[in-house]
Amino acid sequence: MGKKTSKSNNAFLIGSIIMIVFVLLVVVLFVFLSFKIYDKKETSYNDQYTISIGKTALGSPMTLYLNDSLLFQGTPQAPMTISIERFQMESSLLVVDDETDVVSVLPLPEKTSRVFVEKDSLGYSADGRSVSIPR
């Protein structure tokens, strides 16, 4: 009777080891696929945006953002031009009117362009187009 018990214990032990190895392989495979290190390809764009503050915006406190990057904060006293290289596939210029807290979103084209920012009754616009969002 001792031999039968010993054989069944050995079979159980071998089955458990095979199952543990299989589970570990599945976990390692899952971790490898989940946290796979991708080659981060630096995408560079040769395009450049030139942002010009028009005469109607002078003397008004404003904040300029390109996507989430702060470009300018203050009150322009003279016509001003800011040049910046394009660094993302899609970009938007956000102009915050610091007096009224109205945010104007100005979509930028995917090529080199010059944008004239002017102040109007609803907020800021560039070339007659904008979306104003009150904060």
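No experiment lies behind these values; they were computed from the predicted model shown.
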key: Full working for side-chain contact (heavy atoms from CB on, under 4.5 Å) between V95 and T63   = CA-CA 6 Å; V95 185; T63 306; over 6 Å; no
ask   = Does S113 have any side-chain contact (heavy atoms from CB on, under 4.5 Å) partners at least two apart in sequence or in another chain, and if so, which?
value = Y49, P109, V115
request  = Check whether any side-chain heavy atom of F72 sits under 4.5 Å from a side-chain heavy atom of I82, and report yes or no.
outcome  = yes
inquiry  = With heavy-atom distances below 4.5 Å as the criterion, would you say the side chains of I51 and V117 are in contact?
reply    = yes
Residue pairs passing the salt bridge (Lys or Arg N to Asp or Glu O under 4.0 Å) test where at least one lies in residues 11-31, sequence neighbours excluded = none
Side-chain donor-acceptor contacts of residues 19-26 below 3.5 Å, not counting sequence neighbours, with atom names and distances?
none

task = Under the side-chain hydrogen bond (donor to acceptor under 3.5 Å, both in side chains) rule, collect the residues that match up with S60, sequence neighbours excluded.
result = K119
ask   = Excluding sequence neighbours, so at least two apart, what forms side-chain contact (heavy atoms from CB on, under 4.5 Å) with P61?
value = T75, D98, E99
ask   = Should S52 and M80 count as side-chain neighbours, where that means a heavy-atom distance under 4.5 Å?
value = no
ask   = Residues two or more places apart in sequence or in another chain: which of them pass side-chain contact (heavy atoms from CB on, under 4.5 Å) with D47?
value = R86, T112
query = If you take all heavy atoms of P76 and A57, which pair is closest and at what distance?
reply = CG-O, 3.9 Å
request  = Report yes or no: does N67 contribute a side-chain atom to a donor-acceptor pair with the main-chain N or O of L93 at less than 3.5 Å?
outcome  = no
request  = Answer with yes or no whether the hydrophobic clustering places L106 together with L58; edges join I, L, V, M, F, W, Y residues whose side-chain heavy atoms lie under 4.5 Å apart.
outcome  = no
inquiry  = Take a 6.0 Å sphere around CD of E85 and say whether it holds more than 12 heavy atoms from other residues, nucleotides or ligands.
reply    = no
key: L108 and L66, any side-chain heavy atoms less than 4.5 Å apart   = yes
query = Taking the side chain as C-beta and beyond, is there a heavy-atom pair between L64 and L94 under 4.5 Å?
reply = no
task = Indicate yes or no: at least one non-hydrogen side-chain atom of M62 is less than 4.5 angstrom from one of I53.
result = yes
query = So, for S83 and Q48, which heavy atoms are closest and what is the spacing to 0.1 Å?
reply = CB-NE2, 3.3 Å
query = Mind checking whether N9 and L13 have side chains closer than 4.5 Å, heavy atoms only?
reply = no
